[in-house]
Amino acid sequence: MADNGIEVLVLLDVSGLEDVEKFEKHVKKEGFIAVEGEKHVYTGHSTTTTFSTKAYILEVFKKGLQKSGFLEANLIFLLNETPYPAYYYDKETNDFELIQKEK
C-alpha cells in the first residue's frame, strides 16, 4: 500500500514544564498524539513536504512551551524513521536552534 504521508515521532526533553495540561492540550489540538506510557513523546502524520513538516513541528512545540512555561527544552524528531538533528530552545531568541556538533 503506497502512502505519501510522513510518519512523525517527536521526543521532547523538557525540564520545569509549568502547565503540563495546557501543553498537552496545545500539541493535541495541532495533531500530535502522546505515546502512551512515554513522557513527552508524540506521534503524528503529515501530508506536506519534509521541510514544511519540520517547520511545523518546531513551531507547534515552541508555541506550546511558550504558553505553558518551562526552564529548558531539547527536541529531536524522526520523519519516516529518519532522525533529524537535535534542537534546543534558546531563551534569548525564543526559538528552537540547531544543536551544533563539536568537531
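Worth saying up front: this structure is predicted, and the values here are computed from it rather than measured. We're numbering straight along the sequence, starting at 1.
- Residue L98 comes nearest to A86 through the heavy atom pair CD1-O, 3.7 Å, listed as atom of the first residue, atom of the second, then distance.
- By the 30° and 60° cut-offs, the orientation of the rings of F70 relative to Y89 is perpendicular.
- A pairwise comparison of heavy atoms in L78 and P83 identifies CG-CA, 4.0 Å as the closest pair.
- The closest side-chain donor-acceptor pair between T50 and T53, if any, does not fall under 3.5 angstrom.
- Atom NZ of K91 has more than 12 neighbouring heavy atoms from other residues, nucleotides or ligands inside a 6.0 Å radius.
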- Message: Between L71 and L17, is the side-chain contact (heavy atoms from CB on, under 4.5 Å) condition met? List the steps.
- Response: CA-CA 7 Å; L71 294 175; L17 187 60; over 6 Å; no
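- Rounding to the nearest 0.5 Å gives a distance of 8.5 Å between CD1 of I6 and NE2 of H45.
- Side-chain contact between E72 and V14: absent, with no pair of heavy atoms (C-beta onward) separated by less than 4.5 Å.
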- Query: Is there a ring pair (Phe, Tyr, Trp, His ring centres under 6.0 Å) between Y87 and F61 once you walk through the steps?
  - Reply: CA-CA 11 Å; Y87 289 82; F61 283 83; over 10 Å; no
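- Ring planes of H40 and F23: perpendicular class, angle over 60° (limits at 30 and 60°).
- Between L79 and I57 there is a side-chain heavy-atom pair separated by less than 4.5 Å.
- Contact check for L75 versus L58: side-chain heavy atoms found under the 4.5 Å cut-off.
- For D95, the salt bridge (charged side-chain N to carboxylate O under 4.0 Å, His left out) partners are K62, not counting sequence neighbours.
- Within the model, atoms CG of L9 and CD1 of I76 stand 10.0 Å from one another, a figure rounded to the nearest 0.5 Å.
- The shortest non-hydrogen separation linking Y42 to A34 is CD2-CA, 3.6 Å.
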